[in-house]
Amino acid sequence: MRIAKAAIIGFTGLCALTSSLAGGKPTLWETQKILGQKRFVDLTHAFAPGIPHWPGFEDEKREKIYWYDKGVGTKGDGFFAEIFTHVGQWGTHVDPPAHFIRGLRTVDQIPLQEMILPLVVIDVHEEAAKNADYTLSLGRVKKWEAEHGAIPSGAFVAMRTDWSKRWPDGAAMENKDPSGVAHYPGWTMAALKYLYEDRKITASGHETTDTDPGIAASKEDYSLETYILSTNHYQIELLANLDQVPETGALVIVSFPKPKGGSGFPARVFAICPR
């Protein structure tokens, strides 16, 4: 059977992983022990002032208001506390539908069930290395399915380009030519429509600052991101370490804070791999 079996298992119920335990009645604690023995991969960049970001946003600012010793914190001493000032779309982050579409879901309205999903990784890093303007076609998605089986409903689909290896060099990630046009890979509308409308995936993500390829983003054409968010689905931008995750069989945990009515926020994303 060519379906991504481990991903299906993860999506239909983690307890199935321990079906042989406790007389066929596994507990969540027993499931956690099994998952704890798997390989965990952090798919998140640490954020700080100066990291790559969309050029229309200001840089992060931090203020150390309390420090262990006297004379360092702006408000006092005895412990460590900071004020963070940054845009919601900062570092590895979640874009909720309301980021682009008025009236659709904000960060706090994304349910917990959408935060643990089968992880599908479409590896196109070799294509992106040869062509910085590479876009993920419908044909390439179907090639993945021919090799691994149908993408499961409810999956999180990540496009691996290895662009994250340019982090934290903002100029390298933008990859602008002398005329100021950015060159980095992106998705295509045909591939996204197939994934969201036919395969019924829950979310998608990528390593670049935009869903749309650099050439389009340089023209302020964000039609692909607009499409995803208009379907009332979320996406994750600026993923990391996808080269350490198998193309099929892993689970992804997508977590983020819960700002009421939030337009976006830094996320903590990680994979649980079969081995």
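As the structure is a prediction and not an experimental result, all values here were calculated from the model. Computation of the quantities below employed the complete heavy-atom set of this structure, encompassing side-chain atoms and omitting hydrogens, waters and symmetry-equivalent molecules.
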Heavy-atom count check: over 12 atoms from other residues, nucleotides or ligands less than 6.0 Å from Glu126 CD? no
* Using a cut-off of 6.0 Å, state whether more than 12 heavy atoms not belonging to Glu197 lie near its atom CD. =>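 Yes - once you tally the heavy atoms of other residues, nucleotides and ligands closer than 6.0 Å, there are more than 12.
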Say whether [X] and [Y] are linked into one hydrophobic cluster, either directly or through other cluster members, by side-chain heavy-atom distances under 4.5 angstrom.
| X | Y | answer |
| --- | --- | --- |
| Leu251 | Trp29 | no |
| Val141 | Met189 | yes |
| Ile65 | Phe79 | yes |

Would you say the side-chain atoms of [X] pair up with the backbone N or O of [Y], donor to acceptor, closer than 3.5 Å?
| X | Y | answer |
| --- | --- | --- |
| Asp133 | His183 | no |
| Ser218 | Ala182 | yes |
| Thr44 | Val269 | yes |
| Asn241 | Gln244 | no |
| Trp144 | Val121 | yes |
| Gln109 | Thr106 | yes |
| Asp162 | His125 | no |
| Asp177 | Val181 | yes |
| Glu145 | Ile151 | yes |
| Arg140 | Asp123 | yes |

Pair Gln32, Glu30: side-chain N/O donor-acceptor within cut-off below 3.5 Å:
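No - no donor-acceptor pair under 3.5 Å links their side chains.
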Show, in sequence, the C-alpha distance, side-chain angles and deciding distance for Gln89 and His53, and conclude whether the side-chain hydrogen bond (donor to acceptor under 3.5 Å, both in side chains) test is met. CA-CA 8 Å; Gln89 277 67 26; His53 57 278; over 6 Å; no
In Asp212, Asp210, Thr211, the residue satisfying side chain to side chain contact (heavy atoms under 4.5 Å, CB included) with Trp187 is Thr211
To the nearest 0.5 Å, tell me how far [X] [atom1] sits from [Y] [atom2].
| X | Y | atom1 | atom2 | value |
| --- | --- | --- | --- | --- |
| Leu136 | Ile122 | CG | CD1 | 5.0 Å |
| Ile51 | Leu238 | CD1 | CG | 7.5 Å |
| Trp167 | Leu239 | CH2 | CG | 11.0 Å |

Let me have the donor-acceptor pairs involving side chains of residues 257-265, under 3.5 Å, with sequence neighbours excluded, atom names and distances please.
none

Measuring only between side-chain heavy atoms, which start at C-beta, is [X] closer than 4.5 Å to [Y]?
| X | Y | result |
| --- | --- | --- |
| Ser153 | Ile201 | no |
| Arg160 | Val124 | no |
| Arg39 | Arg275 | no |
| Leu119 | Pro246 | no |
| Val254 | Ile110 | no |
| Val41 | Cys273 | yes |
| Thr209 | Tyr184 | yes |

Checklist line | Cation over ring face, Lys61 and Phe84, 6.0 Å, 45° | finding: no
Closest non-hydrogen atom pair between [X] and [Y], with its separation:
| X | Y | result |
| --- | --- | --- |
| Gly154 | Leu117 | O-CD2, 3.3 Å |
| Val245 | Ala250 | CG1-CB, 4.1 Å |
| Ala217 | Tyr222 | O-OH, 3.5 Å |
| Leu104 | Ser230 | CD1-O, 3.8 Å |
| Asp59 | Gly50 | OD1-N, 2.8 Å |
| Pro152 | Val120 | CD-CG2, 4.1 Å |

Next item on the list: Give the intermediate values and the outcome of side chain to side chain contact (heavy atoms under 4.5 Å, CB included) for residues Leu43 and Thr92.
Entry: CA-CA 8 Å; Leu43 304 181; Thr92 303; over 6 Å; no
[X] and [Y] ion-paired at < 4.0 Å:
| X | Y | answer |
| --- | --- | --- |
| Arg62 | Glu60 | yes |
| Lys200 | Asp198 | no |
| Lys143 | Glu147 | yes |
| Arg105 | Glu114 | yes |
| Glu207 | Lys165 | no |

- Query: Can you say whether the rings of His86 and Phe47 are parallel (under 30°), tilted (30 to 60°) or perpendicular (over 60°)?
  - Reply: perpendicular
*asked:* In terms of relative ring orientation, are Tyr234 and Phe256 parallel, tilted or perpendicular, with 30° and 60° separating the classes?
replied: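 Taking Phe256 first and then Tyr234, their aromatic rings stand perpendicular (interplane angle over 60°).
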Inset, instruction - Take Ser164 and His45, measure what side chain to side chain contact (heavy atoms under 4.5 Å, CB included) needs, and give me the verdict at the end. - result: CA-CA 9 Å; Ser164 63; His45 291 292; 3.7 Å; yes
Residue among Tyr227, Phe100, Tyr196 satisfying ring-ring contact (aromatic ring centres under 6.0 Å, His included) with His233
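By the ring-ring contact (aromatic ring centres under 6.0 Å, His included) criterion, His233 pairs with just one of Tyr227, Phe100, Tyr196: Tyr196.
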**Q.** Working for side chain to side chain contact (heavy atoms under 4.5 Å, CB included), residues Asp77 and Tyr66
**A.** CA-CA 5 Å; Asp77 59 84; Tyr66 287 89; 5.9 Å; no
**Request:** Dump the intermediate steps for side chain to side chain contact (heavy atoms under 4.5 Å, CB included) on Lys64 and Phe80, then the final yes or no.
**Result:** CA-CA 8 Å; Lys64 191 179 299 178; Phe80 180 30; 4.0 Å; yes
